[in-house]
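Only this structure's heavy atoms are used, side chains among them; waters, hydrogens and symmetry mates stay out. Note that the structure is predicted; figures quoted are calculated from it, not measured. Convention: sequence-line order gives letters A, B, ...; per-chain numbering from 1.
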2 protein chains.
Amino acid sequence: MMVTITDVAEKAGVSKSTVSQYLNKRYEYMSAQTRQKIETTIAELDYQPNILARSLKQKRTSTIGVIVANIVHGFSIEICRALEDYFQEQSMNVILCNSDEDMEKEKTYLETLQAKQVDGIILFPTGENKSLYKKLVKERMPLLFLDRKVEGVLSDTVVVNNAEAVFQATEHLAEQGHKRIAIITEPLTISSRIDRMEGYKRAVRELGLEQRQEFMIHCEIGQIRSKLAELFSGTERPTAMIAGNELVLMEILSFIKNNQMPVPEELALIVFDNISFAHLLTPTLTAIAQPTLEMGRAAGKLLMNRITADVPTNGPPREQVFDCKLIIRESSRRSTRPQNEFWG
Amino acid sequence: MMVTITDVAEKAGVSKSTVSQYLNKRYEYMSAQTRQKIETTIAELDYQPNILARSLKQKRTSTIGVIVANIVHGFSIEICRALEDYFQEQSMNVILCNSDEDMEKEKTYLETLQAKQVDGIILFPTGENKSLYKKLVKERMPLLFLDRKVEGVLSDTVVVNNAEAVFQATEHLAEQGHKRIAIITEPLTISSRIDRMEGYKRAVRELGLEQRQEFMIHCEIGQIRSKLAELFSGTERPTAMIAGNELVLMEILSFIKNNQMPVPEELALIVFDNISFAHLLTPTLTAIAQPTLEMGRAAGKLLMNRITADVPTNGPPREQVFDCKLIIRESSRRSTRPQNEFWG
DNA sequence: GTGAAAGCGCTAACAT
DNA sequence: ATGTTAGCGCTTTCAC
């Protein structure tokens with residue numbers, strides 16, 4: 001059935017230890033002759049070492065766990081792809097998990113990953129399992145938070161400057177003459193959403209924009225349509241809007257389409273996140289792009305530092321903050337829009 | 001450091017085997033008293049079994065490998081999500097790999113996954129490592145092909161009826177009065193692309209459409225633009241077009257936008273794949289939707305059958321074929337288009 | 001240079 | 001009902 005190191009040793013007429021040395025490329029401990037002998041025997045038997053057994057002994061699995069909120073979102077995917085690329089280069093594999101922002105699922109995954117002895121974990125934290133995060137850190141599990149910060153947990157973190165990015169987006173809208181700007185996000189349960197809202201608030205304050213409670217919407221995706229209907233039924237309508245992420249955008253676009261609102265004439269629009277089709281919409285869509293590939297790589301590197309102990313596992317937490325890039329397209333420009341009434 | 005089953009046994013004053021029985025919920029082999037004792041001891045010590053050690057012994061890792069072409073594509077993501085959901089229910093974890101259609105990467109991943117003793121593998125095959133696929137099957141590794149068939153490998157397969165789906169799409173275009181229909185796919189290296197092209201050819205034949213070599217484009221993504229330029233520079237232009245997948249679509253949309261071609265008046269368009277924003281484009285986009293969630297679940301189930309040996313590992317291969325659904329929207333309709341020159 | 005032996009943490013007969 | 005024992009396949013001292 002399965003061919004083991006013992007089979008190789010016997011057939012090559014050497015001991016298990018020598019074969020093991022060979023496998024670990026410690027050729028200095030053997031004659032060129034035995035080395036040759038082992039090599040051919042391995043080929044003949046088509047032997048492949050059992051990594052499980054090795055891992056048990058070495059206490060390293062060359063596997064890391066990645067827990068995202070929901071991989072179906074563009075941002076998560078790009079991050080996952082970057083992480084997978086990076087870890088492949090490092091000869092590490094990635095176990096992928098979707099928490100769906102559910103603290104129970106997150107807990108189960110974290111515990112399973114630990115039990116499976118992964119070498120490290122990258123997490124889009126729900127923020128609701130703080131004591132578990134702390135426990136993991138205490139037990140020296142390399143742990144890195146992505147996209148969101150969690151107060152009080154001494155763990156590495158990679159985030160973007162959410163507040164600043166939204167501030168700039170709002171400022172851009174203000175420069176286009178808008179005074180009545182709305183923002184919509186999912187519930188303010190995680191740091192990135194809170195920070196985006198804060199960036200908006202600061203912009204409203206500092207740029208002297210119209211300050212209204214109704215312009216700050218934070219609710220579940222399913223409620224967005226009705227909130228929008230309400231917002232636009234009144235007389236105090238916003239003239240511009242920021243979508244807090246891709247999901248929120250989809251709802252807003254539906255609303256706009258259903259109500260035939262001219263963009264940007266009646267409503268200017270900016271979305272937070274790299275939307276793959278932003279440049280194909282009519283009008284094209286202004287977006288706040290997160291540097292997902294760089295973030296993924298950075299996260300991978302920080303985690304690897306801890307795993308290889310280049311940076312002590314119990315060292316102080318490191319936080320890496322990336323800047324976003326505002327990609328200005330037609331949906332936020334005051335300028336007259338082109339004559340195209342079709343894609344083009 | 002790490003707390004083991006031995007620690008629990010000692011502290012609880014029982015033997016390792018009893019603790020092991022407890023862990024495996026074989027409570028009939030112990031008194032309520034010892035059971036209680038073990039339970040509290042485990043809690044006190046915050047003991048967690050080392051799954052690695054268990055796996056080594058049991059020869060099951062509760063982990064499966066999924067190798068997709070590129071997770072960044074909508075189709076792959078949805079499949080991955082469905083797979084992850086299904087396997088979570090089965091208490092299995094998923095190692096995710098991106099092959100980028102590169103046979104070397106695919107080979108490395110397949111070998112690593114086998115060495116890591118995964119319980120099964122789901123693969124979007126490049127088709128170029130046939131002997132390796134065969135070897136895996138021979139060595140009783142549960143292996144399932146997704147999205148593409150591979151001739152001559154006795155392995156379970158989940159695909160859609162690509163030919164039929166494209167036939168129907170072409171037929172729909174013909175019904176709208178089109179005689180000159182083009183199709184663009186990536187290179188015809190995998191079965192799904194070949195089958196889509198075949199469906200087109202059959203439709204052209206059977207429905208008496210104009211048969212021209214220039215209308216059947218299959219090339220790398222990077223070449224699509226120039227191919228399109230060529231196609232539309234001539235006098236024999238198509239009046240309708242089918243995009244072989246999401247990536248192809250993006251190129252076509254760019255071309256259409258750059259050249260301000262009215263859709264569907266000058267060019268009707270249908271895309272193969274569930275495009276998340278199809279209903280938000282102007283005009284809305286007709287699409288051939290694959291039942292990704294069902295496919296993912298089906299694939300998961302077929303693989304689990306083999307893993308649990310409900311179906312013998314050496315049994316005959318099973319092929320599950322799903323039907324696609326043509327979702328007709330504005331981009332393929334002859335009817336006069338609505339007056340909207342914005343999203344709406 | 002090479003091999004013997006111990007052990008990673010767990011499970012699973014087999015005794016008792 | 002509980003304990004003893006023998007591994008799973010590999011790595012790693014430590015002798016020779």
Side-chain angles (χ1 to χ4, degrees), chain A residues 1-39 41-42 45-63 111-119 139, chain B residues 1-39 41-42 45-63 111-119 139:
Chain A
M1 183 69 230
M2 163 174 250
V3 31
T4 75
I5 198 172
T6 312
D7 302 326
V8 178
E10 282 178 3
K11 178 147 191 210
V14 296
S15 78
K16 285 183 359 176
S17 8
T18 305
V19 178
S20 177
Q21 301 289 22
Y22 173 89
L23 292 176
N24 292 283
K25 303 199 200 307
R26 283 192 275 275
Y27 304 129
E28 60 274 24
Y29 295 130
M30 68 197 72
S31 63
Q33 200 174 330
T34 29
R35 176 175 168 179
Q36 191 49 247
K37 182 74 186 154
I38 294 173
E39 187 167 327
T41 310
I42 286 180
L45 261 41
D46 192 24
Y47 164 73
Q48 273 199 304
N50 181 330
I51 296 187
L52 222 53
R54 170 182 295 169
S55 297
L56 177 60
K57 182 72 187 180
Q58 292 186 157
K59 297 178 182 314
R60 301 190 309 101
T61 52
S62 299
T63 303
E111 286 169 347
T112 306
L113 290 173
Q114 191 183 22
K116 287 203 171 175
Q117 313 292 116
V118 296
D119 295 339
E139 292 174 1
Chain B
M1 183 70 229
M2 162 173 253
V3 28
T4 76
I5 198 173
T6 312
D7 301 327
V8 177
E10 281 178 4
K11 179 148 190 208
V14 297
S15 78
K16 285 184 359 179
S17 12
T18 308
V19 178
S20 178
Q21 300 287 24
Y22 173 89
L23 292 176
N24 293 284
K25 303 197 198 310
R26 283 192 275 275
Y27 304 129
E28 59 275 24
Y29 295 129
M30 71 197 72
S31 64
Q33 200 173 329
T34 31
R35 175 176 169 180
Q36 190 50 243
K37 183 72 186 157
I38 293 172
E39 186 167 331
T41 311
I42 285 180
L45 262 40
D46 192 24
Y47 164 74
Q48 273 199 305
N50 181 331
I51 296 186
L52 223 53
R54 170 183 296 169
S55 297
L56 177 61
K57 181 73 189 180
Q58 292 185 157
K59 297 178 183 312
R60 303 191 309 100
T61 52
S62 298
T63 304
E111 287 169 348
T112 306
L113 290 173
Q114 192 183 21
K116 287 204 173 177
Q117 314 291 120
V118 296
D119 295 340
E139 292 175 2

**Item:** Partners meeting side chain to side chain donor-acceptor pair (under 3.5 Å) with A/Thr41 (sequence neighbours left out)
**Value:** none
**Fill in**
Scoring nucleotides 6-16 of chain C by protein non-hydrogen atoms under 4.0 Å (B base, S sugar-phosphate only, - none) yields -BBBBBB----
**Complete:** For A/Ile51, the side-chain contact (heavy atoms from CB on, under 4.5 Å) test, sequence neighbours excluded, returns A/Ser55, B/Ala115, B/Lys116
**Prompt:** Which part of the nucleic acid, if any, lies within reach of B/Ser55 when heavy atoms closer than 4.0 Å are counted: base, sugar-phosphate only, or nothing?
**Reply:** nothing
**Item:** Worked check of side-chain contact (heavy atoms from CB on, under 4.5 Å) between B/Tyr22 and B/Ile42
**Value:** CA-CA 10 Å; B/Tyr22 173 89; B/Ile42 285 180; 3.5 Å; yes
**Request:** Please name all residues satisfying side chain to side chain donor-acceptor pair (under 3.5 Å) with A/Arg60, sequence neighbours left out, ordered by chain then number.
**Result:** none
**Request:** List in chain and number order the residues that pass salt bridge (charged side-chain N to carboxylate O under 4.0 Å, His left out) with B/Glu10, two or more places apart in sequence or in another chain; answer none if no residue qualifies.
**Result:** none
**Prompt:** Between which nucleotides of DNA chain D, 5' to 3', does chain B make heavy-atom contacts below 4.0 Å?
**Reply:** D/dA1 to D/dG9
**Message:** Could you work out, with side chain to side chain donor-acceptor pair (under 3.5 Å) as the rule, every residue matching B/Ser31, not counting sequence neighbours?
**Reply:** B/Thr34
**Request:** Return the set of residues passing salt bridge (charged side-chain N to carboxylate O under 4.0 Å, His left out) with B/Lys11 (not counting sequence neighbours), or none when no residue passes.
**Result:** B/Glu44
**Prompt:** Listed by chain and number, what are the side-chain contact (heavy atoms from CB on, under 4.5 Å) partners of A/Ser20, not counting sequence neighbours?
**Reply:** A/Ile5, A/Asn24
**Request:** List for me each residue that meets side chain to side chain donor-acceptor pair (under 3.5 Å) alongside B/Glu139, sequence neighbours excluded, and say none if there are none.
**Result:** B/Gln114
**Request:** Under the side-chain contact (heavy atoms from CB on, under 4.5 Å) rule, collect the residues that match up with B/Leu113, sequence neighbours excluded.
**Result:** B/Ile67, B/Ile95, B/Cys97, B/Val118, B/Ile121
**Prompt:** If you fit an axis to the five pairs at each end of the helix from C/dG1-D/dC16 to C/dT16-D/dA1, how big is the angle between those two axes, to 10 degrees?
**Reply:** 40°
